[in-house]
2 protein chains.
Amino acid sequence: MSFDKSQSAGFLANQMARLFARSLQTRIAPLGLAPAQFMTLLALWEADGLTQKQLVERLDVEQATMANTLARMERDGLIVRRTHAADARAQCIYLTPRAIGMRGDATQAASMVNAIAMKGLSPQEAQQFLKLMTRVIGALKAGDDED
Amino acid sequence: MSFDKSQSAGFLANQMARLFARSLQTRIAPLGLAPAQFMTLLALWEADGLTQKQLVERLDVEQATMANTLARMERDGLIVRRTHAADARAQCIYLTPRAIGMRGDATQAASMVNAIAMKGLSPQEAQQFLKLMTRVIGALKAGDDED
DNA sequence: AGCAATTGAATAGCATGCTATTCAAAATGG
DNA sequence: CCATTTTGAATAGCATGCTATTCAATTGCT
């Protein structure tokens with residue numbers, strides 16, 4: 001009957017993710033950025049001109065979620081959309097100069113958050129933590145298909 | 001300049017938490033429960049009659065978030081509120097029989113999700129994973145006060 | 001007692017996420 | 001070449017979370 005929250009991976013994962021998001025949010029808000037926008041910019045800084053579909057695949061969120069995030073980013077002058085040359089259904093997403101210029105400050109803020117989070121861990125522990133999270137992510141993705 | 005998402009603790013934490021939530025959601029939706037409601041029930045199954053303030057402390061969410069969650073739970077017939085006997089500002093939250101009866105099924109569903117997530121980890125790895133998350137949570141809480 | 005500061009909740013407003021639905025454009029197969 | 005299916009996006013509707021604000025009840029202090 002007892003279900004101890006502080007021993008539940010799911011409960012801890014939720015709490016941890018909220019703390020990460022909050023910490024990042026306070027650090028990038030001055031740039032005019034929100035966390036999901038930053039995550040999207042990460043993909044576009046690497047490869048400008050991606051379609052919405054490609055962003056969905058790379059960032060692993062639902063299509064509707066990405067559509068909403070992109071709408072806010074367009075509203076905020078971070079991206080522009082152009083119809084795909086070969087497929088009128090698709091659109092290519094391009095960064096504005098403003099978004100391109102944010103890269104240094106924004107990634108530095110995100111690195112800072114990660115550094116704070118891992119401050120108490122040794123380099124080995126930090127590495128293992130990343131590996132464990134990656135394996136748990138894989139298990140959750142696999143587990144939901146089967147059952 | 002490169003910032004690798006799949007090596008970023010914050011990015012992985014976000015993805016992992018979304019997968020946990022989604023997995024839990026599909027398993028408790030048949031009971032008429034949503035994840036945040038389940039989390040709130042966990043606290044109330046342990047101690048019925050808590051005030052909103054006490055729930056906020058135990059679950060570590062903002063007061064406004066809890067107020068909204070409780071409003072939905074009241075709407076769904078999971079809780080009832082009674083004005084606190086000694087403080088007319090506060091209200092005590094009580095479970096309905098329906099919510100009390102859900103305990104077994106709901107905690108079993110949550111345990112199943114945790115089991116699926118940790119399936120690929122040895123017991124030692126699973127334990128360490130919980131410890132690492134707890135330490136990271138502590139670091140994030142501490143880090144944001146200072147800086 | 002009486003006024004100021006504190007405190008428990010509710011509300012407003014917004015960002016993320018998800019599922020389900022819808023629509024138009026493309027691809028496929030007869 | 002046309003009808004069916006598939007596919008890229010947008011939209012509707014909802015749950016969580018957060019910050020900021022507001023309001024009433026309580027506490028504290030004088």
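Keep in mind the model is a prediction, meaning the values are calculated, not measured. Below, all heavy atoms of this structure are taken into account, side chains as well, without hydrogens, waters or symmetry copies. Within every chain, numbering begins at 1; the chains are lettered A, B, ... in the order of the sequence lines, protein sequences first and strands thereafter.
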Nearest-Å distance, [atom1] ([X]) to [atom2] ([N])?
X: M73(B); N: dT16(D); atom1: CE; atom2: P; answer: 9 Å
X: M16(B); N: dT16(C); atom1: CE; atom2: P; answer: 20 Å
X: N14(B); N: dG17(C); atom1: CG; atom2: C1'; answer: 9 Å
X: L59(B); N: dC18(D); atom1: CG; atom2: C1'; answer: 16 Å
X: R18(A); N: dA15(D); atom1: CZ; atom2: P; answer: 18 Å
X: Q52(B); N: dA10(C); atom1: CD; atom2: C1'; answer: 8 Å
X: K53(B); N: dA10(C); atom1: NZ; atom2: C1'; answer: 16 Å
X: Q91(B); N: dA9(C); atom1: CD; atom2: P; answer: 6 Å

Write out a two-atom table: protein N or O, nucleotide N or O from nucleotides 12-14 of chain C, distance below 3.5 Å.
none

Give T51(A) one of three labels, base, sugar-phosphate or nothing, depending on what nucleic acid heavy atoms sit under 4.0 Å from its own.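 Since only primed, P, OP1 and OP2 atoms lie under 4.0 Å of T51(A), the category is sugar-phosphate.
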Pick base, sugar-phosphate or nothing for Q25(B), based on heavy-atom distances below 4.0 Å to the nucleic acid.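 Since no nucleic acid heavy atom lies under 4.0 Å of Q25(B), the category is nothing.
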Backbone N/O of L78(A) and side chain of D76(A): donor-acceptor pair under 3.5 Å: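 Checked: no pair found.
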Under 3.5 Å donor-acceptor, T26(A) side chain and S23(A) backbone: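 Yes: the side chain of T26(A) pairs with the backbone of S23(A).
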Got more than 12 heavy atoms from elsewhere within 6.0 Å of CD, E74(B)?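 Count over threshold, so yes.
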Side chain of P35(B) - closest among dT16(D), dT11(C), dG17(C):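 Ranking dT16(D), dT11(C), dG17(C) by closest atom to the P35(B) side chain puts dT16(D) first.
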Among dT19(D), dG17(C), dT16(D), which nucleotide has an atom closest to any side-chain atom of M39(A)?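 In terms of side-chain proximity for M39(A), the closest of dT19(D), dG17(C), dT16(D) is dG17(C).
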Taking the cut-offs as 6.0 angstrom to the six-membered ring centre and 45 degrees off its axis, would you call R81(B) and Y94(B) a cation-pi pair?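 Output no; distance or angle outside limits.
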According to a strict under-4.0 Å criterion, is [X] in side-chain N/O contact with OP1 or OP2 of [N]?
X: R81(A); N: dA10(D); answer: yes
X: T65(B); N: dC18(D); answer: yes
X: R22(B); N: dG17(C); answer: no

Hey, what's the ring geometry for F129(A) with F129(B), parallel, tilted or perpendicular (30° and 60° as the breaks)?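 Aromatic pair F129(A)/F129(B) classed tilted.
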Let me know, please, whether V61(B) or L70(A) comes out on the 5' side of the other along DNA chain D by nearest nucleotide.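 It is L70(A) whose nearest nucleotide is closer to the 5' end.
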Have a look at F11(A) and tell me which of D60(B), L59(B), N114(B) forms a side chain to side chain contact (heavy atoms under 4.5 Å, CB included) with it.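 The residue from D60(B), L59(B), N114(B) that satisfies side chain to side chain contact (heavy atoms under 4.5 Å, CB included) with F11(A) turns out to be L59(B).
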E125(A) bridged to K131(B) by N-O distance under 4.0 Å: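 Between K131(B) and E125(A) there is no salt bridge, as every charged N stays at least 4.0 Å from the carboxylate O atoms.
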Any salt bridge linking R18(B) with E62(A)? Criterion: basic side-chain nitrogen under 4.0 Å from a carboxylate oxygen.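 Salt bridge absent between R18(B) and E62(A).
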Quick one: do the N68(B) and R72(B) side chains pair a donor with an acceptor below 3.5 Å?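 Short answer, no.
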Contacts of D48(A) that satisfy side chain to side chain donor-acceptor pair (under 3.5 Å) - sequence neighbours left out: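 Testing D48(A) for side chain to side chain donor-acceptor pair (under 3.5 Å), a comparison that skips the adjacent residues, returns none.
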Treating primed atoms plus P, OP1 and OP2 as sugar-phosphate and everything else as base, which nucleotides of nucleotides 21-28 of chain D get B, S or - for protein heavy atoms under 4.0 Å? ----BS--
